[in-house]
Amino acid sequence: MIGLGSYGYTAPSSKKINAYDVPQGVDIRGRFDEEFAKILTKDALQFVADLQREFRNHIKYAMECRKEAKRRYNEGALPGFDPATRYIREGKWTCAPFPPAVADRRVEITGPVERKMIINALNSGAKVFMADFEDALSPSWENLMRGQINLKDAVEGTITFNDKARNRVYKLNNEIAKLFVRPRGWHLPEAHIFIDGEPATGCLVDFGLYFYHNYATFRNTQGQGFGPFFYLPKMENSREAKIWNSVFEKAEKMAGIEKGSIRATVLIETLPAVFQMDEILYELRDHSVGLNCGRWDYIFSYVKTFQGHPDRLLPDRGQVGMTQHFMRSYSDLLIRTCHRRGVHAMGGMAAQIPIRDDPTANEAAFELVRKDKQREVKAGHDGTWAAHPGLIKTCMEVFTNNMGNTPNQIETVKRDDASNLTEDDLLQRPRGVRTMEGLRLNTRVGIQYLAAWLTGSGSVPLYNLMEDAATAEISRVQIWQWLKYGVELDGDGLGVRVNHVFGRVVEEEMARTEREVGKEKFKKGMYKEACKIFTRQCTASTLDDFLTLDAYNYIVIHHPKDVSSKL
């Protein structure tokens with residue numbers, strides 16, 4: 001490593017014969033590749049730069065508002081409904097009618113923008129595939145640029161993958177899922193692209209490059225005159241939704257397409273956002289196709305929001321499910337809000353994966369999935385998420401058995417009973433206990449996920465669940481919370497305080513991980529680096545907002561400018 005800076009490190013210089021053709025003020029610091037250059041065209045980069053210049057100050061202000069809200073919560077305040085926007089919540093407006101192409105979304109599959117994953121997901125039988133640049137992707141330069149190439153090929157219908165190990169070529173079926181794309185959250189930078197001397201905003205890079213190259217083809221094929229379609233993560237209030245709406249309008253104007261062509265579903269995955277669901281839909285009313293229960297991140301956000309509240313400690317994460325009152329209230333209010341405004345109310349993730357070597361355990365896992373999806377469809381959700389193609393058939397059967405041929409439940413299940421839900425319902429303390437096994441699982445999952453993320457994988461199968469950044473975040477903030485407040489493990493009769501055993505638990509779980517993955521993989525993987533990052537964050541005096549912001553510095557690689565090509 002040389003030239004260690006604020007982001008990542010600079011790779012040793014090597015003589016190159018090419019460089020990206022960039023507009024004024026844009027500096028590409030990622031590795032040059034001829035395939036990447038087809039995505040990073042001068043015109044596409046100009047579009048991204050235009051977005052960055054127009055919206056960067058709005059984004060910076062929104063991030064400052066997040067800090068101010070955090071300060072208030074840490075001083076004892078609670079999130080709640082905003083009296084100033086009561087007129088929006090009580091108004092009788094609706095969002096624009098949803099496009100016919102996405103009327104039926106009863107099962108959606110999610111996964112990273114990897115080539116084989118994209119093909120398998122589009123072929124899975126799901127109604128929608130959400131291709132992810134966010135929590136399921138480690139945002140290395142290679143992953144991001146190859147992801148853009150993969151999506152362009154997918155939209156054009158030409159994507160194939162030659163799996164030499166299996167001697168098999170993967171290609172798209174005639175009937176495929178509708179494609180949604182999830183860019184990163186507002187808070188994440190793209191440190192391989194600098195605009196006017198500062199890192200670009202990650203989500204504007206993801207959105208801008210994908211939109212620029214694909215809007216025309218997508219609208220002619222998948223969108224039936226609409227699109228492209230997106231999922232929007234990590235928002236905390238309607239101010240952030242308003243920025244996205246302005247981004248969409250600028251993109252539509254640039255492309256010369258009708259206002260309201262772009263459509264997006266917002267993930268309600270932060271605690272403050274649950275009190276702003278009407279307001280978020282209102283800001284995006286020309287571009288909205290619903291809200292989604294991002295329940296793993298929502299649990300993470302509950303801990304983060306109440307980091308200064310020792311009376312709101314979470315039990316083991318396995319006990320914080322949708323039967324907890326605050327979680328059920330969140331789901332019910334989301335359904336009522338969406339259906340009142342004429343858009344889809346999407347359910348949460350089934351993270352289970354098939355257990356091929358244990359039929360009994362596999363059936364038990366699938367039964368959990370069936371019960372979860374039965375609860376969702378009975379509550380009024382219009383669709384649900386699955387992390388693995390092997391779950392699609394099971395999820396589809398549950399929703400179809402309840403919905404029949406009706407594409408959604410927007411008109412049939414209004415959930416007016418949820419209008420009585422209060423702030424207290426949405427904030428009720430979770431019930432349950434804390435155990436040594438819960439501490440061990442958090443430690444093991446957090447470190448193993450982070451090790452995979454540092455080596456390029458953002459979607460990781462661990463202990464028969466498909467884990468992404470959200471579950472690692474829950475593990476991290478829960479341990480941090482338990483350590484900060486000297487929590488006693490009260491659920492297994494041990495009665496020990498987390499502070500007294502955490503160091504030993506980390507050592508023992510690292511040894512267990514080495515046994516499970518094997519010495520060779522453990523040695524080659526970044527488990528020790530992951531352990532250092534994870535334990536440092538768990539024991540920090542102040543809680544970092546995001547695990548991935550710190551870890552991002554370890555995967556950024558800047559390549560020196562090619563001076564010879566400029567001569």
Side-chain angles (χ1 to χ4, degrees), residues 39 44 47-48 51 95-111 113 118-119 121-124 126-134 147-159 172-184 203-233 241 244-267 281 283-292 342-344 346 382-383 407-408 410:
I39 297 295
F47 176 55
V48 172
L51 292 176
C95 294
F98 52 78
V102 288
D104 188 342
R105 301 170 61 184
R106 65 188 69 195
V107 181
E108 302 187 343
I109 187 170
T110 74
V113 287
I118 289 172
I119 298 170
L122 289 172
N123 288 342
S124 67
K127 297 294 185 180
V128 166
F129 168 46
M130 187 204 77
D132 197 12
F133 281 104
E134 201 228 1
Q148 292 283 354
I149 293 167
N150 296 340
L151 290 178
K152 187 169 185 289
D153 291 347
V155 171
E156 291 172 355
T158 60
I159 188 169
L172 295 179
N173 296 339
N174 290 330
E175 282 193 31
I176 59 173
K178 293 289 186 285
L179 180 64
F180 280 59
V181 172
R182 178 164 71 172
R184 284 168 282 180
C203 61
L204 295 183
V205 173
D206 302 337
F207 167 83
L209 293 176
Y210 173 74
F211 178 84
Y212 184 87
H213 288 292
N214 298 290
Y215 73 86
T217 305
F218 186 94
R219 286 161 54 77
N220 287 334
T221 54
Q222 284 222 350
Q224 299 169 25
F226 285 87
F229 304 139
F230 295 92
Y231 258 98
L232 304 177
W244 268 120
N245 196 70
S246 299
V247 169
F248 292 164
E249 288 178 348
K250 184 176 178 69
E252 288 165 343
K253 188 174 180 182
M254 179 281 294
I257 58 179
E258 299 87 355
K259 182 180 178 181
S261 294
I262 299 171
R263 293 303 178 98
T265 300
V266 172
L267 288 132
L281 287 177
E283 292 295 352
L284 284 160
R285 59 194 180 277
D286 293 327
H287 295 103
S288 179
V289 281
L291 305 175
N292 171 287
V343 291
H344 291 71
M346 302 304 297
D382 302 292
N408 55 66
I410 295 171

Step-by-step side-chain contact (heavy atoms from CB on, under 4.5 Å) determination, Ile176 to Asn123: CA-CA 5 Å; Ile176 59 173; Asn123 288 342; 3.7 Å; yes
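- The structure places CD1 of Ile149 at 10.5 Å from CD1 of Ile159, a figure rounded to the nearest 0.5 Å.
- Contact detail for Ile118 and Ala154: the closest heavy-atom pair is CG2-CB, 3.9 Å.
- Panel note: side chain Glu134, backbone Pro233; no donor-acceptor pair is recorded below 3.5 Å.
- The two residues Ala44 and Leu209 have their closest heavy-atom pair at CB-CD2, 4.0 Å.
- In this structure, Leu291 and Val343 have side chains that are not in contact, with every pair of non-hydrogen atoms separated by 4.5 Å or more.
- In this structure the side chain of Phe98 reaches within 4.5 angstrom of the side chain of Ile410, judged on heavy atoms.
- Judged by distance alone, the side chain of Glu252 and the main-chain N or O of Ser261 form a donor-acceptor pair under 3.5 Å.
- When atom types are taken as modelled, the side chain of Asn150 and the backbone of Val113 share a donor-acceptor pair closer than 3.5 angstrom.
- In this structure, the separation between NZ on Lys259 and NE2 on His287 is 7.0 Å, given to the nearest 0.5 Å.
- Using a 4.5 Å heavy-atom cutoff, the side chains of Leu232 and Leu284 are in contact.
- Of the listed residues (Tyr210, Phe133, Phe180), just one forms a ring-ring contact (aromatic ring centres under 6.0 Å, His included) with Phe230, and that residue is Tyr210.
- Between the Asp206 side chain and the Arg184 main chain, a donor and an acceptor come within less than 3.5 Å of each other.
- Looking at His213 and Gln148, their side chains never come closer than 4.5 Å, going by heavy atoms from C-beta outward.
- Residue Val289 comes nearest to Arg105 through the heavy atom pair O-NH1, 2.7 Å, listed as atom of the first residue, atom of the second, then distance.
- Under 4.0 Å is where a charged nitrogen must lie from a carboxylate oxygen, and between Lys152 and Glu156 at least one such pair does.
- Put simply, the side chain of His344 gets close to the backbone of Ala103: a donor and an acceptor are under 3.5 Å apart.
- Aromatic ring orientation, Phe47 versus Tyr212: tilted (interplanar angle from 30° to 60°).
- In this structure, Asp104 CG and Lys127 NZ are separated by 4.5 Å, a value rounded to the nearest 0.5 Å.
- Listed for the Gln222 side chain is a donor-acceptor partner under 3.5 Å among the backbone atoms of Ala177.
- When all heavy atoms are compared, the tightest approach of Cys203 to Pro183 is O-CB, 3.9 Å.
- In this structure, Trp244 and Phe248 have tilted ring planes: the angle between them lies in the 30° to 60° band.
- Counting heavy atoms from C-beta on, the side chains of Ile262 and Phe207 come closer than 4.5 Å.
- Between the side chain of Thr265 and the backbone N or O of Tyr231 there is no donor-acceptor pair closer than 3.5 Å.
- Contact annotation: the side chain of Arg263 never approaches that of Val102 to less than 4.5 Å [non-hydrogen atoms, C-beta and beyond].
- Atoms CG and CE, from Leu267 and Met346 in turn, are 10.5 Å apart once rounded to the nearest 0.5 Å.
- A donor-acceptor distance shorter than 3.5 angstrom exists from the side chain of Asn220 to the backbone of Ala216, with no hydrogens or angles considered.
- Between Leu151 and Ala131, the closest heavy-atom pair is CD2-CB, 3.7 Å.
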Derivation and outcome, side-chain contact (heavy atoms from CB on, under 4.5 Å), residues Glu108 and Lys178: CA-CA 9 Å; Glu108 302 187 343; Lys178 293 289 186 285; over 6 Å; no
Checking side-chain hydrogen bond (donor to acceptor under 3.5 Å, both in side chains) for the pair Thr110/Arg182: CA distance, chi angles, key distance, verdict? CA-CA 10 Å; Thr110 74; Arg182 178 164 71 172; over 6 Å; no
